[in-house]
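Quick caveat: nothing in here was measured; it's all calculated off a predicted structure. Numbered from 1 within each chain, the chains take letters A, B, ... in sequence-line order.
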Amino acid sequence: MIVETEAYIGEDDPACHAAPGPTRRNAPLYGPPGLAYVYLNYGIHYLVNAVTEAEGHPAAVLIRALQPVEGLALMQTRRAPDGHHIDDDDLCRGPGNLTRALGIMLTDNLLDLTSSNLVVEDRGLTGGKVAWGSRIGIRVGVEKPWRCWVEGHPSVSGAKARRRT
DNA sequence: GAATGGATTGTCT
DNA sequence: GACAATCCATTCA
């Protein structure tokens, strides 16, 4: 269950990958909505976006955090091959962590999110309040309030959200 | 053909 | 709170 997302909209958004104009890397953003846009970040983490329709502008929604519902054991294995325990709430907390838990890689780029091995289902709001605020981890375009998350959800990323033991 | 810089995370101080 | 790990598309010569 998706609990945290960020929007990246148009070439005028300096933080959007489409900011430099069409390139081979960001081509998915210009494609039809409903496709997955996966890319490698910091040379280490794969991040997954859902390409959206934004009135002709290249745009996508970054999936930043999930509440795991099924396949918890498999997620544990992927996140921690050495077997150390990861709290359920932390399995998919953060954009890099969730792709690792789900096994999403560069080969999943351009998958159809409506009819492939990687799908997003609309099950409506299942509880909690939706909060909006600044996007995280970017150096430009911070002023745009295009991050939204389930308020108080334990799987939402960000330093402030990390619980102390 | 070589240099550059991240939509992050985990570890160390 | 600071910083290293790590790779590929872009940019510049």
Side-chain angles (χ1 to χ4, degrees), chain A residues 2-31 33-54 57-68 72 74-111 113 118 120 130-150 153-165:
Chain A
I2 299 174
V3 298
E4 183 187 1
T5 62
E6 283 177 1
Y8 291 85
I9 307 173
E11 297 177 352
D12 292 336
D13 176 3
C16 183
H17 279 189
T23 64
R24 175 172 171 173
R25 180 207 198 191
N26 66 25
L29 299 178
Y30 294 82
L35 298 187
Y37 170 45
V38 181
Y39 73 97
L40 183 64
N41 177 35
Y42 286 92
I44 304 176
H45 308 287
Y46 297 110
L47 272 56
V48 61
N49 298 247
V51 176
T52 64
E53 181 58 63
H57 296 286
V61 172
L62 171 69
I63 312 299
R64 289 192 56 90
L66 310 173
Q67 173 186 314
L72 281 281
L74 181 54
M75 291 181 183
Q76 281 283 351
T77 304
R78 288 180 175 138
R79 284 293 312 280
D82 61 347
H84 81 266
H85 179 74
I86 298 178
D87 196 66
D88 288 351
D89 292 332
D90 293 335
L91 281 175
C92 301
R93 180 172 136 270
N97 286 334
L98 80 87
T99 54
R100 191 141 53 105
L102 297 183
I104 293 174
M105 293 175 294
L106 221 47
T107 51
D108 297 313
N109 194 25
L110 295 175
L111 284 183
L113 291 175
L118 182 62
V120 176
V130 175
W132 289 83
S134 299
R135 294 175 293 184
I136 291 179
I138 53 177
R139 308 170 93 101
V140 289
V142 184
E143 73 284 356
K144 299 182 187 303
W146 289 349
R147 170 174 179 250
C148 79
W149 65 97
V150 177
H153 195 285
S155 292
V156 171
S157 67
K160 304 282 166 43
R162 182 183 283 269
R163 299 184 314 273
R164 315 205 7 132
T165 52

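A/Arg147 places its CZ atom 11 Å from the P atom of B/dT8, with the value rounded to the nearest Å. Between A/Tyr8 atom OH and B/dA7 atom C1' the separation is 4 Å, expressed in whole Å. If you measure from atom OH of A/Tyr46 to atom P of C/dT6, you get 13 Å, rounded to the nearest angstrom. Distance OH (A/Tyr37) to P (C/dA9): 10 Å, rounded to an integer number of Å. C/dC8 atom C1' lies 13 Å from atom CG of A/Asn109, rounded to whole Å. Note: CG (A/Asn41) to C1' (B/dG10) measures 15 Å, nearest angstrom. The distance between atom CZ of A/Arg93 and atom P of B/dT9, rounded to the nearest whole Å, is 8 Å. For the pair A/Leu29 CG and B/dA7 C1', the computed distance is 11 Å after rounding to whole Å.
Between A/Val3 and A/Trp149 there is no side-chain heavy-atom pair separated by less than 4.5 Å. Looking only at side-chain heavy atoms (C-beta outward), A/Val38 and A/Leu111 stay at 4.5 Å or farther from each other. In this structure, A/Leu40 and A/Met105 have side chains that are not in contact, with every pair of non-hydrogen atoms separated by 4.5 Å or more. Within the 4.5 Å cutoff, the side chain of A/Asp90 has no heavy atoms near those of the A/Asn97 side chain.
Here A/Ile138 lies in heavy-atom contact (under 4.0 Å) with sugar-phosphate atoms only.
Counting only Watson-Crick or G-U wobble pairs whose defining distances are both under 3.5 Å, the stems of 3 or more consecutive pairs in DNA chain C are B:1-6 with C:7-12, B:8-12 with C:1-5.
Distance check on atom P: B/dC12 versus C/dT6 gives 15 Å, rounded to whole Å. Atom name C1', nucleotides B/dG10 and C/dC8: the rounded distance is 22 Å, in whole Å.
With A/His17 as the partner, the ring-ring contact (aromatic ring centres under 6.0 Å, His included) test is satisfied by one option alone out of A/Tyr8, A/Tyr30, A/Tyr39: A/Tyr39.
Applying the ring pair (Phe, Tyr, Trp, His ring centres under 6.0 Å) rule to A/Tyr46 yields no partners; only residues at least two apart in sequence or on another chain are considered.
The side chain of A/Arg25 sits closest to C/dA9 out of B/dG6, C/dA9, C/dT11. Counting only heavy atoms from C-beta on, A/Ile44 has its side chain closest to C/dT6 among C/dT10, B/dT8, C/dT6. Closest to the side chain of A/Leu62, out of C/dC8, B/dA7, C/dA9, is B/dA7. Closest approach to the A/Asn49 side chain among B/dA7, B/dG6, C/dT6 is made by B/dA7 (side chain taken as heavy atoms from C-beta onward).
Within residues 94-106 of chain A, the residues having any heavy atom closer than 4.0 Å to DNA chain B are, in order of number, A/Gly94, A/Pro95, A/Gly96, A/Asn97, A/Arg100.
Within the 3.5 Å criterion, the main-chain N or O of A/Pro58 finds no donor-acceptor partner in the side chain of A/Glu11. With A/Arg147 contributing its side chain and A/Arg135 its backbone, the two residues share no donor-acceptor pair below 3.5 Å. In this structure, the side chain of A/Ser155 does not engage the main chain of A/Arg93 through any donor-acceptor pair within 3.5 Å.
Between A/Arg64 and the phosphate of B/dT8, there is a side-chain N or O to OP1/OP2 separation shorter than 4.0 Å. Contact annotation: A/Arg79 reaches the phosphate of B/dG10 (side-chain N/O to OP1 or OP2, under 4.0 Å).
Between the side chain of A/His45 and the base of B/dA7 there is no donor-acceptor pair of N/O atoms closer than 3.5 Å.
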### Message
Would A/Ile136 and A/Glu4 count as a side chain to side chain contact (heavy atoms under 4.5 Å, CB included) here? Give the steps.
### Response
CA-CA 11 Å; A/Ile136 291 179; A/Glu4 183 187 1; 4.3 Å; yes

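Stacking between A/Tyr42 and C/dA5 is absent: the ring centroid is not both under 5.5 Å from the six-membered base ring centre and under 30° in plane angle.
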